[in-house]
Amino acid sequence: MNMNLFLLAVDWPFLIEKAVLISAIIGISLVIAMYETYAERKVAGWIQDRRGPNRAGPFGILQPLADGIKLFMKEEIIPNTSNKMLFILGPGLAMLTAMMTSAVIPWGGNVEIAGRSVSLQVADINIGILFVFGVVSMGVYGIMIGGWASNNKFSLMAALRGASQVISYELPMGLSLISLLMLTGSLSLRTIVEQQMDGWYNVLWQPLGFFIFLVCAFAECNRTPFDLPEAESELNFGYHQEYSSMKLGFFLFAEYINMFISSVIMATLFFGGYDIPFVNDRSLAEAWGGNAVALLQIASLLLKTFFFIFVFMWVRWTIPRFRYDQLMNLGWKKLIPLSLANMIITAVVILWLKK
Amino acid sequence: MQLTNRSQAVDRRPMNFMERLYVPAIAKGMAITLRHLFKKKPTINYPEVTREFSPVFRGLHVLNRDEQGRERCTACGLCAVACPAEAITMEAAERLPGEENLYREEKYAARYEINMLRCIFCGLCEEACPKDAIYLSETFAPANYQRKGFVYGKDELLIPNPVTDPEGYAKARGPQGKK
């Protein structure tokens with residue numbers, strides 16, 4: 001009897017709605033990460049005057065599938081001297097943290113399904129950005145645990161490099177965000193997007209903040225020019241070195257998902273998120289109906305995201321890797337003072353305008 | 001000694017402020033890569049598209065036949081003499097009565113071998129031949145696992161019979177249709 005009452009009390013449509021939304025978002029991020037690998041190889045090819053993969057299927061669009069099958073078929077090797085539990089935990093953690101961030105991102109406005117207004121956001125928590133930061137900084141554990149558990153000097157060096165790099169670059173990233181948060185006055189990502197829908201995009205008020213955020217995002221995702229933890233030419237692929245088969249695949253995949261998520265966050269924080277540019281979304285929603293506009297909003301967010309993903313790749317195939325001391329100099333001696341200055345100037349201007 | 005006036009002394013001065021910013025140089029580099037993104041790619045999609053040979057390309061040898069499908073070669077040995085790489089060997093034989101539809105002259109090559117590993121594809125054999133019996137086609141020797149696989153005998157070199165197999169003959173002659 002009690003059990004039945006409990007089951008009645010559960011808001012089933014809400015649970016189903018969230019479950020569907022979560023699986024859709026995870027599915028979409030996985031597919032996008034898959035095709036990021038394809039896009040990366042294509043962009044690399046084009047930039048180097050090659051054609052990129054074009055053998056598997058028309059224009060090579062089945063290439064990520066072939067890569068995935070190859071990774072699955074590879075022999076799974078766990079080194080004898082490694083710490084087995086941690087060795088398996090490493091890539092799992094990297095993947096988990098990469099996927100968790102997508103929970104607080106607003107993917108679009110509300111959709112009407114069977115009389116219910118469904119929000120296209122898994123959780124609109126009022127500390128959205130803080131959550132993202134917390135989860136992203138956990139991502140470094142994947143690298144560290146993986147590198148430590150491999151019991152290999154190269155892997156360990158890479159893990160140390162990765163840890164110190166991610167921690168150093170989180171500081172200017174957070175500082176550049178503080179100046180943005182002083183403008184918005186809210187940590188909730190949906191509120192930040194809704195503010196931008198009515199006014200200008202945040203990038204116009206915070207160009208320097210955006211630039212610092214972009215540079216730090218490269219570093220956080222371990223992408224060139226900050227891919228020192230991987231460093232195939234000096235550290236033999238760093239913390240990936242002892243990994244094979246799908247555990248390696250998880251590490252690589254987590255990097256691409258991270259890239260996708262950080263692109264989404266950049267689009268959300270600085271480029272209006274799911275707002276359709278040059279159009280008033282609310283009047284459009286009245287004219288066309290909410291669902292059509294919500295779809296357009298998702299498309300607009302994804303377009304902005306894809307642009308940033310392209311920038312990630314563009315930069316990767318343009319700039320060589322930083323030396324380690326250059327990396328640390330840039331992080332501590334340039335980006336942190338710069339973001340502090342940005343923060344102070346923003347604060348002064350806001351106070352002066354309010355007076 | 002100065003060979004060209006293009007050489008520049010390496011600038012070892014410490015980087016100035018603009019250079020230490022990295023950003024202008026990075027923007028310059030990214031403009032270059034963006035330009036390359038839209039450039040025409042020189043790659044030829046090989047199995048679907050093949051690169052066109054020049055009209056003077058010299059590939060694998062073909063032993064020719066005349067219009068009635070008779071072998072033109074008389075095993076005179078001039079090609080072997082002309083060959084700077086000594087890649088050609090042959091054995092002559094006399095045409096027997098009743099073989100007039102196979103060989104044009106009274107003497108023919110019973111064995112005719114070219115070692116494609118020795119051959120330098122100079123085309124001197126083609127020039128030396130008084131009977132137009134050998135010419136260099138537009139194909140090249142495919143890969144092989146064994147050295148002896150590169151010694152081409154009559155079965156590989158002889159062009160298909162234009163009377164019984166006109167299609168194969170046309171294909172072997174190639175688009176340029178050397179005589």
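Lettering of chains follows the sequences in order, A, B, ..., and the numbering in each one begins at 1.
- Atom CZ of A/F59 sits in a sparse spot, with 12 or fewer heavy atoms from other residues, nucleotides or ligands closer than 6.0 Å.
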task: Assess whether side-chain hydrogen bond (donor to acceptor under 3.5 Å, both in side chains) is satisfied between B/T33 and A/W317, documenting all intermediate values.
output: CA-CA 8 Å; B/T33 42; A/W317 295 102; over 6 Å; no
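- Interface residues of residues 37-48 of chain A toward chain B, defined by a heavy-atom distance below 4.5 Å and sorted by number: A/V43, A/W46, A/I47.
- With a 6.0 Å radius and a threshold of 12 heavy atoms from other residues, nucleotides or ligands, A/Q326 has its CD atom above the threshold.
- Side-chain contact between B/V23 and A/F211 is present, with heavy atoms from C-beta onward closer than 4.5 Å.
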task: List the steps, then state whether side-chain contact (heavy atoms from CB on, under 4.5 Å) holds for B/Y22 with A/L330.
output: CA-CA 10 Å; B/Y22 294 130; A/L330 184 70; 4.2 Å; yes
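- By the neighbour-count criterion of 12 heavy atoms within 6.0 Å, atom CD of B/E100 is densely surrounded, having more than that number from other residues, nucleotides or ligands.
- Contacts of B/I32 with chain A are absent, with no heavy-atom separation under 4.5 Å from either backbone or side chain.
- Within 6.0 Å of CD in B/E99 there are more than 12 heavy atoms belonging to other residues, nucleotides or ligands.
- Residues of residues 37-50 of chain B lying under 4.5 angstrom from chain A, judged on non-hydrogen atoms, are B/L37, B/K39, B/K41, B/P42, B/T43, B/N45, B/P47, B/E48 by number.
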